[in-house]
Colleague: 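This is the structure, below, for whatever I ask next.
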Number of protein chains: 2
Amino acid sequence: MGKAGLRRKEREKLQHREEILDAALRLFSEKGFHNVSVQEIAEEAEFSVGTLYNFFASKESLFAGLMSSCAKRISEILVPILDEKTDERGKISNFIHAHKQIIESYASSIRLYLSQDVCSVLTVRPDVEPEADAVRDTIQQKLSSIFKSGVRKGVFKEMDPRAASLSLSAMLESFVFSMIKEPERMQIELGLSLIEELFFKGALKDTEA
Amino acid sequence: MGKAGLRRKEREKLQHREEILDAALRLFSEKGFHNVSVQEIAEEAEFSVGTLYNFFASKESLFAGLMSSCAKRISEILVPILDEKTDERGKISNFIHAHKQIIESYASSIRLYLSQDVCSVLTVRPDVEPEADAVRDTIQQKLSSIFKSGVRKGVFKEMDPRAASLSLSAMLESFVFSMIKEPERMQIELGLSLIEELFFKGALKDTEA
DNA sequence: ACAAGTTATGAATATTAGTTCATAATATGA
DNA sequence: TCATATTATGAACTAATATTCATAACTTGT
């Protein structure tokens with residue numbers, strides 16, 4: 001057996017694994033964990049149930065794998081931005097606009113990340129998916145500390161940094177989600193710019209404030 | 001059989017129904033629909049499973065009943081405010097602060113309303129709970145039209161009214177939820193005032209804007 | 001106290017869906 | 001072509017749980 005042969009088999013195995021994950025992602029994100037059967041996933045992936053169990057120990061572990069890879073991909077986009085060496089206002093602005101990339105690349109991943117017994121910002125049961133929750137926490141903390149130093153420097157108003165992070169994230173998440181549901185509704189850039197304007201300067205006309 | 005007797009029985013029946021609903025609310029809001037068995041609900045309510053089925057045709061219809069009554073109670077608080085005869089800014093301000101009442105009175109109802117395979121603002125599957133979704137829609141539409149007329153009158157900036165409603169609701173919902181999760185974190189009034197300030201005037205200091 | 005009607009009970013049933021495993025198919029290298 | 005190893009298959013097994021229903025307990029008016 002030549003080395004090339006072995007590698008092909010490995011590639012194929014990985015490929016099959018991916019196909020199963022993709023199928024599961026499609027179904028979970030559409031119908032939710034409890035409303036998708038292993039049978040269904042097998043059919044969607046064009047394998048038998050037995051084969052799924054060659055790759056994953058259980059339905060739960062399949063789901064866990066999906067969740068953690070999605071959370072990882074999203075954090076790879078957002079975290080570097082928050083760690084850049086720019087000023088606070090710039091970081092927040094970049095953070096806001098980075099969501100364009102997220103909407104464009106990861107629609108179904110996000111569906112998974114937000115859909116669920118577990119619920120977005122709102123995380124009813126933080127115990128269910130530790131990795132996804134950790135990513136959310138990381139981002140919240142980074143945002144908070146940016147707001148904190150921004151307040152100290154007098155860029156931002158006096159305000160609770162955590163409440164501000166939460167508000168911003170909530171605005172962004174709900175926008176992301178609405179774009180995934182109805183992509184035609186408005187241009188991504190326009191929506192994100194509105195959020196930026198709203199978040200930085202508020203809804204009132206200057207003459208009214 | 002005197003009339004009084006009949007009425008007592010009716011009262012008791014309603015009472016029993018309420019007790020079942022309460023037990024179900026406690027369990028569903030804590031663990032989610034799929035993770036609560038009918039047995040459990042029966043035990044929590046101190047009835048037998050059979051009795052539950054005398055009141056509700058199925059587990060799903062029990063849940064549906066809960067959802068619609070929660071949605072109804074919440075809309076009874078929020079909708080009148082949006083229908084009042086005050087100016088746009090006042091309505092939005094009242095709307096924001098009405099969430100105090102919601103947090104205080106309806107913690108577990110909201111847990112139910114937000115928890116779920118169905119997911120808050122983000123409603124993965126609008127088909128699952130039509131009534132709750134209808135309430136959300138109503139509120140979004142009322143908010144939108146307030147923003148629309150506010151923009152026309154020059155109170156608010158030029159902006160997409162729907163995006164603005166969505167942003168505001170997202171901020172409020174995530175705040176409500178965080179208060180339900182960690183009631184100690186901050187005072188309700190302070191949080192809501194911050195959201196008001198943020199939403200109306202933004203996060204930047206005036207000198208920076 | 002009894003008959004008639006109402007409500008409660010929970011063991012039994014039916015169904016659904018996650019998991020296993022003996023078997024079949026396929027690929028590999030000699 | 002054959003022996004070996006790897007991977008795929010899906011019917012059968014199992015566990016969990018939603019639902020039913022024959023029976024029991026209780027209420028009420030006479």
Side-chain angles (χ1 to χ4, degrees), chain A residues 1-28 30-67 116-117 128-129, chain B residues 1-28 30-67 116-117 128-129:
Chain A
M1 143 182 29
K3 280 175 186 175
L6 243 188
R7 289 213 212 87
R8 201 206 63 222
K9 283 203 104 177
E10 276 170 19
R11 273 203 314 279
E12 271 180 5
K13 201 169 174 180
L14 276 182
Q15 175 62 30
H16 290 176
R17 198 189 134 95
E18 281 306 309
E19 276 165 25
I20 292 166
L21 282 171
D22 282 358
L25 178 55
R26 257 171 285 151
L27 293 171
F28 283 149
E30 194 181 324
K31 306 166 67 177
F33 182 76
H34 287 289
N35 302 299
V36 175
S37 72
V38 176
Q39 293 277 353
E40 260 183 289
I41 300 172
E43 277 162 34
E44 176 83 15
E46 295 176 83
F47 285 102
S48 68
V49 272
T51 303
L52 298 214
Y53 281 88
N54 288 338
F55 286 98
F56 302 95
S58 68
K59 189 191 175 189
E60 291 239 346
S61 82
L62 203 179
F63 182 78
L66 270 183
M67 281 295 268
Q116 218 2 39
D117 286 343
V128 176
E129 253 319 312
Chain B
M1 140 180 32
K3 282 176 185 175
L6 246 188
R7 289 214 212 88
R8 201 205 64 223
K9 284 203 104 178
E10 275 169 19
R11 274 204 313 278
E12 271 180 6
K13 200 170 176 182
L14 275 182
Q15 175 62 30
H16 291 174
R17 198 189 135 94
E18 280 307 308
E19 276 164 26
I20 292 167
L21 282 171
D22 283 357
L25 178 54
R26 259 171 283 150
L27 293 170
F28 284 149
E30 195 182 323
K31 306 166 67 177
F33 183 76
H34 288 288
N35 301 300
V36 175
S37 71
V38 176
Q39 292 277 353
E40 261 183 287
I41 300 172
E43 279 162 33
E44 176 82 16
E46 297 177 81
F47 286 102
S48 67
V49 273
T51 303
L52 297 215
Y53 281 88
N54 287 338
F55 287 98
F56 302 95
S58 68
K59 189 188 176 192
E60 291 238 347
S61 81
L62 204 178
F63 182 79
L66 270 183
M67 281 294 269
Q116 217 3 41
D117 288 343
V128 176
E129 253 319 312

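Worth saying up front: this structure is predicted, and the values here are computed from it rather than measured. Throughout, protein chains are lettered first and strands after them, A, B, ... in sequence-line order, and every chain is numbered starting at 1.
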Colleague: Take atom CD of B:E40 and atom P of C:dG10, then tell me their distance rounded to the nearest Å.
Modeller: 17 Å
Colleague: For A:F63 and C:dA17, give me the distance from atom CZ to atom C1', rounded to whole Å.
Modeller: 17 Å
Colleague: Which atom names give the shortest non-hydrogen contact between A:E44 and A:A23, and what distance separates them?
Modeller: CG-CB, 3.4 Å
Colleague: Quick one: list whatever passes salt bridge (charged side-chain N to carboxylate O under 4.0 Å, His left out) with A:E46, sequence neighbours left out.
Modeller: none
Colleague: Rounded to whole angstrom units, what separation is found between the NZ atom of A:K13 and the P atom of D:dA5?
Modeller: 16 Å
Colleague: Please give, in whole Å, the distance from D:dA5 P to A:E12 CD?
Modeller: 20 Å
Colleague: List the steps and the verdict of side-chain contact (heavy atoms from CB on, under 4.5 Å) for B:F28 and B:I41.
Modeller: CA-CA 9 Å; B:F28 284 149; B:I41 300 172; 3.8 Å; yes
Colleague: Decide side-chain contact (heavy atoms from CB on, under 4.5 Å) for A:L21 and A:F56; before the verdict, give the C-alpha distance in whole Å, the side-chain angles of both, and the deciding distance to 0.1 Å.
Modeller: CA-CA 10 Å; A:L21 282 171; A:F56 302 95; 3.8 Å; yes
Colleague: Would you mind reading off the distance between A:I41 atom CD1 and D:dG10 atom P, rounded to a whole angstrom?
Modeller: 17 Å
Colleague: How many Å lie between CZ on A:R11 and P on D:dT7, as a whole number?
Modeller: 14 Å
Colleague: If the sugar-phosphate is the primed atoms plus P, OP1 and OP2 and the base is the rest, what is the B/S/- string for nucleotides 11-27 of chain D, using protein heavy atoms under 4.0 Å?
Modeller: B------SBB------S
Colleague: Does a nitrogen or oxygen in the side chain of A:S48 sit under 4.0 Å from OP1 or OP2 of D:dT9?
Modeller: yes
Colleague: Which of these nucleotides, C:dA8, C:dT7, D:dA8, is closest to any side-chain atom of B:F47?
Modeller: C:dA8
Colleague: Suppose we screen for ring pair (Phe, Tyr, Trp, His ring centres under 6.0 Å). Which residues come up paired with B:F47, at least two apart in sequence or across chains?
Modeller: B:H16
Colleague: Would you name the heavy atoms of B:H34 and B:K59 that are closest together and state the gap between them?
Modeller: CA-NZ, 4.4 Å
Colleague: To the nearest Å, how far apart are A:E46 CD and D:dT9 P?
Modeller: 10 Å
Colleague: Distance check needed: C:dT19 P versus A:L52 CG, whole Å only.
Modeller: 11 Å
